Undergrad: 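Provided herewith is a single structure, encoded as C-alpha cells, for subsequent inquiry.
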Number of protein chains: 2
Amino acid sequence: MTRPAPDTETMLRHWREAVPDDRLAHLVKDATRALVRALQMRMAEHAVSFGHWTFLRILWDCDGLTQRKLSEQAGVMEPTTFSALNAMERLGYVTRRKRGGDRKKVYVFLTAKGRRLQEKLVPLAEEVNRIAVSGVPSDDIAATRHVLLSIIENLARDEHATDMRMPSTRDLARLKAGSKNRRKRPRQ
Amino acid sequence: MTRPAPDTETMLRHWREAVPDDRLAHLVKDATRALVRALQMRMAEHAVSFGHWTFLRILWDCDGLTQRKLSEQAGVMEPTTFSALNAMERLGYVTRRKRGGDRKKVYVFLTAKGRRLQEKLVPLAEEVNRIAVSGVPSDDIAATRHVLLSIIENLARDEHATDMRMPSTRDLARLKAGSKNRRKRPRQ
DNA sequence: ACTCTAATCTTAGATATCTAAGAAAGAGCG
DNA sequence: CGCTCTTTCTTAGATATCTAAGATTAGAGT
C-alpha cells in the first residue's frame, strides 16, 4: 500500500498521548503542514502553488500594490515575494509595471488569467476549510483564532522587546565553526 | 531602524480585521512562523536549528531509533530526516551505526554532546511557550489543542478517502506546460 | 547642486521541506 | 536456489522561506 503522508497513524497516536506544553509549537506546525498540503494538492490541478495563492488572494482584493506592500500584507520578506512573483509572472498571472511617480517602486497587476483563477480557487480553499473544521464547535474555532493571534502578538512583542535577530546562515556557520564570540545586533 | 520580522504591525492589523473562514490556514501558518522563529533565534546560540531540535527531542526520549522510525515520530519524510541527520552528524550531535540484524537499517544514537544539549535547549523551548501563551486562558489553549488535532485528523482522513497525492515538481512542470492529462495515482 | 541617507527591488546563498526514483539488503515462494 | 517484492536509505531536483548585501532611485540637509 502506498503510505499516506508521514505515517498519519503514528503521528496522531503521538499527539493524542502526552502533549506537554512545549509541544504546542509542533502541533501548530503539523496543522500548518496539513492545511497547506490539502490546499496545495487541490490547487496543483490549476497550476497554482500555495505561495502563489497567498499573493493572488491579496491581489484579488487590492490590485496594483507594490512588491513592498505585498510583502507586508502577506507577512513575508521581500525576497520571498520577489521570487513568488517571478514564478507568477512566468505563468502569466501577474505583470509588473513601473509608474511615473517613484521609479523605485514596482507595481504588480493581475492579468485576466490571474483574475479568472479566483472563481476556481476560492471554492477549493473553502472546501479545505470546511473539511478541516468539520465537527469542531465554532466556539472552539473562535477560541483558537484568539489563541493563535495572541501567540503571534506575544512573540512579536517579545522579539521587539529583547531586540533579537534571526540567525543568518552566516551566524550559524560561525557557531558551527565554534567561535563563540557572542554578537549583539549592531544598532543601525 | 531595523525592521522587526515582516512588519508586525501591518500583519496584526490585518488579522484583527476581517478574518473570513478561509483564512484560518494563514493564521495557523503565521503562528507557526512566529513560534519557529522564536525558538530558532534562541537555539541558534547553541548552533541548533529548529530542524535539529525536532529530532533531538525524539532522541532524548528514545535513543537508537532507525531513520525510518525517526521520520515517523517527527512526522516528516525520510529525505528530510536524512539531511537533518547529515547536518547533526557533522555537528557531532549524533552518530549512525548499522547493527547485526538488518543491514538495511541505520540506527541513530546521540553523542554525549548531543545529549548535553537537552539541559540547555529544553528551558529555551519552555520559555518560548510561556511567552507565547502568556495571558491566554488555559481553557482556550486546551480548546486550541483539540481544534488543531481535529484539523490534522480531518485532513488526513480526507486525503486517505479521496486518494490524493501531493503534486510533485514534475506534476507542476507538466501543468505549467499546459498538458492537462489528468493522472490518477497508479495504484501499486 | 551635491552628498548622504532611506526606501525599494534584486541577487546570493542557506535551511527545511517535499516527491520521485535509484541502490542495497531482506523475505517469501516456487 | 533464484527471482521477485518490500523495506530502508540515499540521491536528485523542486519550492518556500529566511538573512545579508548589492544596485537604483528618491528625498533631505547643507
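Nothing here was measured: the structure is a model prediction, and the numbers come from that model. Convention: sequence-line order gives letters A, B, ...; per-chain numbering from 1.
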Undergrad: Going by side chain to side chain contact (heavy atoms under 4.5 Å, CB included), L85(A) matches just one of H52(A), Q67(A), R90(A). Which one?
TA: Q67(A)
Undergrad: Within this structure, what is the CG-to-P distance between L39(B) and dT15(C), rounded to whole angstrom?
TA: 18 Å
Undergrad: Is there a donor-acceptor pair under 3.5 Å between the side chain of R33(B) and the backbone N or O of G75(A)?
TA: yes
Undergrad: Of the listed nucleotides (dC9(D), dT17(C), dA25(C)), which one gets closest to any side-chain atom of R33(A)?
TA: dT17(C)
Undergrad: Does R68(A) put a side-chain nitrogen or oxygen below 4.0 Å from OP1 or OP2 of dA6(C)?
TA: no
Undergrad: With respect to the side chain of S49(A), which nucleotide from dT19(C), dC18(D), dA16(D) is positioned closest?
TA: dA16(D)
Undergrad: In whole Å, I'd like the distance from the NE2 atom of H52(A) to the C1' atom of dT15(D).
TA: 8 Å
Undergrad: Whole angstroms only, please: what is the CG-C1' distance between L70(B) and dT10(D)?
TA: 16 Å
Undergrad: Taking CZ from F50(A) and C1' from dA16(C), how many angstroms apart are they, rounded to a whole number?
TA: 16 Å
Undergrad: Is the shortest side-chain N to carboxylate O distance from R68(A) to E72(A) below 4.0 Å?
TA: yes
Undergrad: Expressed as a whole number of angstroms, how long is the span from K98(A):NZ to dT25(D):P?
TA: 6 Å
Undergrad: Would you mind telling me which residue lines up with the more 5' stretch of DNA chain D, Q67(B) or D102(A), judged by nearest nucleotide?
TA: Q67(B)
Undergrad: Roughly how many Å is it from CE in M77(A) to C1' in dA12(C), rounded to a whole number?
TA: 17 Å
Undergrad: Is the phosphate of dA16(C) approached by T80(B) (side-chain N or O, under 4.0 Å from OP1 or OP2)?
TA: no
Undergrad: Got a second to check how far I58(A)'s CD1 is from F55(A)'s CZ, nearest 0.5 Å?
TA: 6.0 Å
Undergrad: Look at the side-chain N and O atoms of Q40(B) and state whether any lies under 4.0 Å from the OP1 or OP2 oxygen of dA16(C).
TA: no
Undergrad: Without decimals, in angstroms, what is the distance between W53(B) CH2 and dA16(C) C1'?
TA: 17 Å
Undergrad: Should R90(B) be listed as having a side-chain N or O under 4.0 Å from OP1 or OP2 of dT15(C)?
TA: no
Undergrad: Counting side-chain heavy atoms from C-beta on, which of dT8(C), dT10(D), dT19(C) comes nearest to K105(A)?
TA: dT8(C)
Undergrad: Within this structure, what is the CD-to-P distance between E159(A) and dC18(D), rounded to whole angstrom?
TA: 12 Å
Undergrad: Mapping F82(B) and G51(A) onto DNA chain D by nearest heavy atom, which one lands closer to the 5' end?
TA: F82(B)
Undergrad: So, does N154(A) use its side chain to make a donor-acceptor pair with the main chain of S134(B) at under 3.5 Å?
TA: yes
Undergrad: Pick the closest DNA chain C nucleotide for A84(B) and for P79(B) by heavy atoms, then say which residue is nearer the 5' end.
TA: A84(B)
Undergrad: Has the side chain of R42(B) got a donor or acceptor atom that lies under 3.5 Å from a matching backbone atom of A38(B)?
TA: yes
Undergrad: Remember a base hit wins even if backbone is also touched, and classify T66(B) as base, sugar-phosphate or nothing at under 4.0 Å, heavy atoms.
TA: sugar-phosphate
Undergrad: With the side chain of K104(A) defined as its heavy atoms from C-beta on, choose the nearest nucleotide among dC9(C), dA16(D), dA7(C).
TA: dA7(C)
Undergrad: R103(A) side chain N/O closer than 4.0 Å to the phosphate oxygens (OP1, OP2) of dA7(C)?
TA: no
Undergrad: Using a 4.0 Å heavy-atom cut-off across all strands, classify K29(B) as base, sugar-phosphate, or nothing.
TA: sugar-phosphate
